[in-house]
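Along the sequence shown, the residues carry numbers beginning at 1.
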Amino acid sequence: MLVGASALATASAQVPYIQTPDRVVMEMLKLANVGENDVVYDLGSGDGRIVVAAAEYFGARGVGIDIDPERVADGIAKARTHGVDDRVRFIQQDLFTADLSEATVVTLYLVPRINMKLRPKLLRELKPGTRIVSHNFGMGDWKPTRTLRVGNSKVYYWVVPPSGSIRP
């Protein structure tokens, strides 16, 4: 899934496109307690499977952000195929310039270096209480609220704290 090409103009060199297994996708969304009132943002959305699953199985709305136009097209096609294109949208954009403020849940499958570069933006733009779920990679010294093992994968879960209570 998601490790979609994402971060910068040279994103494909920085974050390879690797699909998150469907089982991991479902556990990520369950761990974040996604529901019909949520807006799930998937950063580096790849083929769109996380936001499509969030809409199809949990009733959420979703936004997939990927820098690769082919991945964005894949997400749009998947949403149409699954009948959730009225609940999700895909944006071709650098995740570091995208506005994330509408998100109630953010999902990631990036690499540690990109997660660390992204952390200040997440803490600055997301409202307290927003949930963040990452496949396989943490965020340095920001300890997750929960960690879950799913087969050979790890899923990390954080909740954005009140402003100023954690160092970006």
Side-chain angles (χ1 to χ4, degrees), residues 1-7 11 15 17-68 71-110 114-115 118-119 121-139 142 144-148 150 153-161:
M1 148 24 211
L2 146 97
V3 174
S6 66
V15 181
Y17 172 61
I18 301 171
Q19 296 176 344
T20 296
D22 291 334
R23 180 175 168 215
V24 175
V25 169
M26 294 306 285
E27 292 302 324
M28 290 173 74
L29 296 171
K30 288 178 190 174
L31 184 60
N33 197 29
V34 171
E36 61 186 25
N37 294 322
D38 282 312
V39 181
V40 177
Y41 272 57
D42 186 13
L43 306 184
S45 59
D47 68 0
R49 66 183 56 202
I50 287 184
V51 294
V52 167
E56 184 174 11
Y57 298 108
F58 299 87
R61 290 181 294 129
V63 178
I65 300 172
D66 206 295
I67 201 164
D68 185 335
R71 298 293 75 82
V72 170
D74 290 345
I76 292 167
K78 183 179 288 289
R80 194 172 299 125
T81 298
H82 287 261
V84 296
D85 50 326
D86 62 329
R87 300 195 54 77
V88 302
R89 61 189 167 103
F90 292 89
I91 303 167
Q92 181 188 347
Q93 189 171 9
D94 181 322
L95 61 88
F96 288 101
T97 61
D99 177 4
L100 308 178
S101 61
E102 182 188 25
T104 60
V105 176
V106 172
T107 60
L108 314 166
Y109 186 12
L110 304 169
I114 301 300
N115 280 4
L118 188 60
R119 186 171 113 174
K121 176 180 178 64
L122 296 171
L123 291 169
R124 183 176 60 250
E125 289 186 22
L126 299 175
K127 295 177 265 328
T130 301
R131 289 99 67 205
I132 301 170
V133 187
S134 177
H135 178 199
N136 275 345
F137 302 110
M139 289 206 210
W142 186 13
T145 303
R146 285 196 57 203
T147 303
L148 179 69
V150 182
S153 296
K154 275 191 172 177
V155 177
Y156 297 91
Y157 171 76
W158 299 265
V159 177
V160 174

Q.
Quick one, Ile67 and Val72 - any side-chain contact, counting heavy atoms below 4.5 Å?
A. no
Q: Could you tell me which non-hydrogen atom of Ala60 sits nearest to which non-hydrogen atom of Val34, and how far apart they are?
A: CB-CG1, 3.7 Å
Q.
I need the Asp66 CG to Gln93 CD distance, nearest 0.5 Å.
A. 11.5 Å
Q: Would you list the pairs meeting salt bridge (Lys or Arg N to Asp or Glu O under 4.0 Å) in which at least one residue belongs to residues 27-39, sequence neighbours left out?
A: Glu27-Lys30, Asp38-Arg131
Q: Kindly indicate whether the side chain of Leu108, heavy atoms from C-beta on, has any atom under 4.5 Å from the side chain of Val133.
A: no
(Q) Distance check, rounded to the nearest 0.5 Å: Ile76 atom CD1 versus Phe90 atom CZ? (A) 7.5 Å
**Q.** Whether over 12 other heavy atoms sit under 6.0 Å from Tyr157 OH
**A.** yes
Q.
Going by side-chain hydrogen bond (donor to acceptor under 3.5 Å, both in side chains), name the residues that satisfy it together with Asp99, two or more places apart in sequence or in a different chain.
A. Ser101
**Q.** Partners passing side-chain hydrogen bond (donor to acceptor under 3.5 Å, both in side chains) against Glu125 (at least two apart in sequence or in another chain)
**A.** Lys121
**Q.** Flag side-chain contact, heavy atom, 4.5 Å: Val39 against Val105
**A.** no
Q: Compare every heavy atom of Ile65 with every heavy atom of Tyr41, then report the nearest pair and how far apart it is.
A: CD2-CD1, 3.9 Å
Q) If you round to the nearest 0.5 Å, how far is CG of Leu43 from CD1 of Ile114? A) 11.5 Å
Q: Kindly compute the distance separating OG1 (Thr107) from CG (Leu31), expressed to the nearest 0.5 Å.
A: 12.0 Å
Q: With rounding to the nearest 0.5 Å, note down the distance linking CE in Met26 to CD1 in Ile50.
A: 11.0 Å
Q: Please name the residue in the list Asp47, Val84, Asp85, Val51 that meets the side chain to side chain contact (heavy atoms under 4.5 Å, CB included) test with Lys78.
A: Asp47
